[in-house]
Amino acid sequence: MFPVVLILFIVAFSLWADFRNGVHSRVKIPSSISIFIPWFDNAIQFGLDPLGFLRKRQTKHGSVFAIRLAGKRVIVAGNLNGILRVMRDTQKTLHLPNHQMLASLGDVKGTIPMTLLDRLTTYVARTFSNKGIPQFSHTFNQHLFRHIRSLAENSPNDRVPLQRFVGQALYDAVSVSVWGPHFPLDTYEEFYTIDAKMSRLLGPAFLVPRAVSQARNLMKNKLGTYMQECWDEELGVKGAPANVTEMIRLLKECSPTVPPEDAQGALLVFLFGLHANTHRIVAWLFLHLLSDSRTYLRLRREIDHAIDVEFGDLDTLLLVPPQRLGVSSLPLLESAIMETLRLWYAAVTVREVNEDTEIPSEDMKTFMVARPGDLVMGNSSAINMSDDFFEEPETFQIDRFVGCTAEKEDEGKSRTLPLGSFGGGTHVCKGRDFALYEMKVFAILCLRVLDMKAETSSGRSIDDLPLKADTTRTIPSFVMYPSEEVFVRIRKRA
């Protein structure tokens, strides 16, 4: 009898030990915060170089650590499990800090009800999905084509800033096709001014440059005029998709709950979400292409082949549904965009905490608890720039993602596309289908129609120019800015 009891005791002890070493033995990581200057918390260090600061902290403290920004404790996850916990939020303990962006960028004074924001988000998702894009893609393509061809024919070899060349073309084409013919295209000047200094808007109000504040007020006034003049009681927004009419109807009818100037601010914030990242990614893509002639010509050959062989001509390509411009037709172009996103998108997901939330380490054996009122950050850039996941992560490899067809966020080293390219998880970017589409169409038109040459402000070729980001202007969840302004000369392709 004794041997049986002894065996049962040993088995029971082993099971208890295994259980204890499992989930219930996970160690809570102390959440102490080291601060450079106590009364400024970590804001100065973070503001000068957000991704660099997070990288140094992760090297010193591990892949889950705490910092303090603007008086709030922030739990940062730089490992795959922790990042996915933030992005997916399966326990529904986190939410988007929409009010912060509305207040700082849109100068929204009051509180916009979540029910209204949710309804607006629904219409955004419908408008810019692959099913919604065909409602306005033909107008977008034709307007963009005319704009690019006109520049080549009327201003050959004129030197223009690359960011303005990309931004003006896309802003005009999207505005006309999505918001209708009454949308004020001259708002691009205000947009350009604000976008260049957006990081200043997200800081203390007294640090916002006067020119930026004036540009924001002027743009909001123009958007208010647009919402009045574009409206027809029977047709809604004249010349715009049906879902856009519903968006504008919501913004017009939300008064007095939401004052008109706050509705204008909400529309301004939406416009930045629609344009800012797309413009900068396309600019970075062309910086890489124009600094390496072999890569440029390689992508041009793929586009020429697709147009001439698969579609027959450029006009036919511009008429096909968005899905036809997918990976199967243009794998190198798709890869080039994904690689640009991996390098230059500050993929940091920020959420506010509603309930106690455990943010785990990579091995799931340790964790840090985020409390209500805290912020959590999922630093996907730590994965995207890690040599554990990508070979030579600092280099641009145009074919790195050829053959990759879907983002797999849970496959560790075998993952395919960059993590968090469009936010990911429960709050993935609702306009990601259209963003990819407009980037592809812009690249196709430029490489098919134009010959382009890039140079620095001093006229030096960018062939040997190291491409770097301006870290002082980096904003989480936005594409970084180049450290040096680059100009392009364009002419009609020979």
Side-chain angles (χ1 to χ4, degrees), residues 119-150 166-188 191 222-223 226-232 234-252 266-279 281-282 311 314-326 329-330 333 337 422 428-446 448-449:
R119 292 177 67 188
L120 287 171
T121 300
T122 299
Y123 290 125
V124 169
R126 292 174 182 172
T127 302
F128 297 104
S129 67
N130 278 327
K131 290 184 179 179
I133 295 171
Q135 297 180 48
F136 59 88
S137 58
H138 179 65
T139 305
F140 167 78
N141 292 340
Q142 293 303 315
H143 192 96
L144 185 61
F145 188 18
R146 286 195 299 270
H147 182 100
I148 291 173
R149 186 172 55 189
S150 175
V166 171
Q168 183 84 65
L170 289 174
Y171 189 90
D172 287 3
V174 171
S175 297
V176 169
S177 58
V178 172
W179 304 107
H182 287 83
F183 188 86
L185 298 182
D186 63 346
T187 51
Y188 179 71
F191 174 89
K222 290 180 179 179
L223 293 178
Y226 158 73
M227 284 194 285
Q228 295 300 321
E229 294 183 349
C230 74
W231 192 256
D232 183 280
E234 294 183 2
L235 301 176
V237 179
K238 292 170 280 189
N243 285 309
V244 170
T245 286
E246 295 307 315
M247 290 171 60
I248 299 300
R249 187 193 305 276
L250 281 174
L251 290 171
K252 284 174 61 67
L267 181 56
L268 182 147
V269 171
F270 172 74
L271 288 174
F272 272 82
L274 179 62
H275 292 295
N277 279 341
T278 306
H279 295 183
I281 278 295
V282 174
F311 298 101
L314 181 58
D315 289 337
T316 301
L317 180 146
L318 296 177
L319 290 173
V320 301
Q323 296 91 326
R324 285 288 307 280
L325 297 185
S329 298
L330 297 158
L333 177 56
I337 292 171
F422 291 98
V428 66
C429 173
K430 302 301 185 288
R432 63 193 182 281
D433 292 335
F434 180 62
L436 279 171
Y437 180 75
E438 64 173 313
M439 287 189 278
K440 289 174 185 176
V441 172
F442 185 89
I444 289 167
L445 290 174
C446 286
R448 179 68 170 189
V449 175

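These figures come from a predicted structure and were not determined experimentally.
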(Q) Evaluate F442 against H279 for ring-ring contact (aromatic ring centres under 6.0 Å, His included), listing each step before the verdict. (A) CA-CA 10 Å; F442 185 89; H279 295 183; 9.1 Å; no
Q: Go through the steps for Y226 and H182 under the test ring-ring contact (aromatic ring centres under 6.0 Å, His included), then give the verdict.
A: CA-CA 7 Å; Y226 158 73; H182 287 83; 7.9 Å; no
Q | Test side chain to side chain contact (heavy atoms under 4.5 Å, CB included) applied to F270 and L120, step by step | A | CA-CA 10 Å; F270 172 74; L120 287 171; over 6 Å; no
Q. Run the side chain to side chain contact (heavy atoms under 4.5 Å, CB included) check on L314 and I444 step by step: do they pass?
A. CA-CA 9 Å; L314 181 58; I444 289 167; 4.2 Å; yes
Q: Could you walk me through whether H275 and T278 pass the side chain to side chain contact (heavy atoms under 4.5 Å, CB included) test, one step at a time?
A: CA-CA 5 Å; H275 292 295; T278 306; over 6 Å; no
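Under the side-chain hydrogen bond (donor to acceptor under 3.5 Å, both in side chains) criterion, the residue pairs touching residues 124-150 are N141-Y437, S150-N154, with sequence neighbours excluded. Residue pairs meeting the side-chain hydrogen bond (donor to acceptor under 3.5 Å, both in side chains) criterion with at least one partner in residues 171-181, sequence neighbours excluded, are Q168-D172, Y171-T187.
The structure places CZ of F311 at 9.0 Å from OG1 of T316, a figure rounded to the nearest 0.5 Å. Separating the CD1 atom in I281 from the CD1 atom in I337 is a distance of 9.0 Å, to the nearest 0.5 Å. Here the CG atom belonging to N243 is positioned 12.0 Å from the CD1 atom belonging to I248, to the nearest 0.5 angstrom. Rounding to the nearest 0.5 Å places CG of D433 at 11.0 Å from CZ of F128. From Y123, atom OH reaches atom CZ of R249 across 8.5 Å, with rounding to the nearest 0.5 Å. With values rounded to the nearest 0.5 angstrom, M247 atom CE is found 8.5 Å from T121 atom OG1.
Shown here for V178 and P241, the closest heavy-atom pair between the two residues is O-CD, 3.3 Å. When every heavy atom of K238 is checked against every heavy atom of E229, the shortest pair comes out as NZ-O, 3.7 Å. Of all heavy-atom pairs spanning G236 and T245, the tightest one is CA-CG2, 3.6 Å. Residues G180 and A240 approach most closely at N-CB, 4.3 Å, considering heavy atoms.
By the salt bridge (charged side-chain N to carboxylate O under 4.0 Å, His left out) test, R432 is found to be paired with no residue, residues two or more places apart in sequence or in another chain being considered. When the side-chain contact (heavy atoms from CB on, under 4.5 Å) test is applied to R119, the partners found at least two apart in sequence or on another chain are L250. When the side-chain hydrogen bond (donor to acceptor under 3.5 Å, both in side chains) test is applied to D186, the partners found at least two apart in sequence or on another chain are K222. The side-chain contact (heavy atoms from CB on, under 4.5 Å) test applied to P321 returns Q323, R324, not counting sequence neighbours.
Side-chain contact between V124 and L274 is absent, with no heavy atoms from C-beta onward closer than 4.5 Å. Side-chain contact between L170 and Y188 is absent, with no heavy-atom pair separated by less than 4.5 Å.
Taking the six-membered ring where the residue is Trp, F434 and F136 present perpendicular rings, their angle passing 60° and hence far from 30°.
At least one donor-acceptor pair under 3.5 Å links the side chain of K440 to the backbone N or O of L325.
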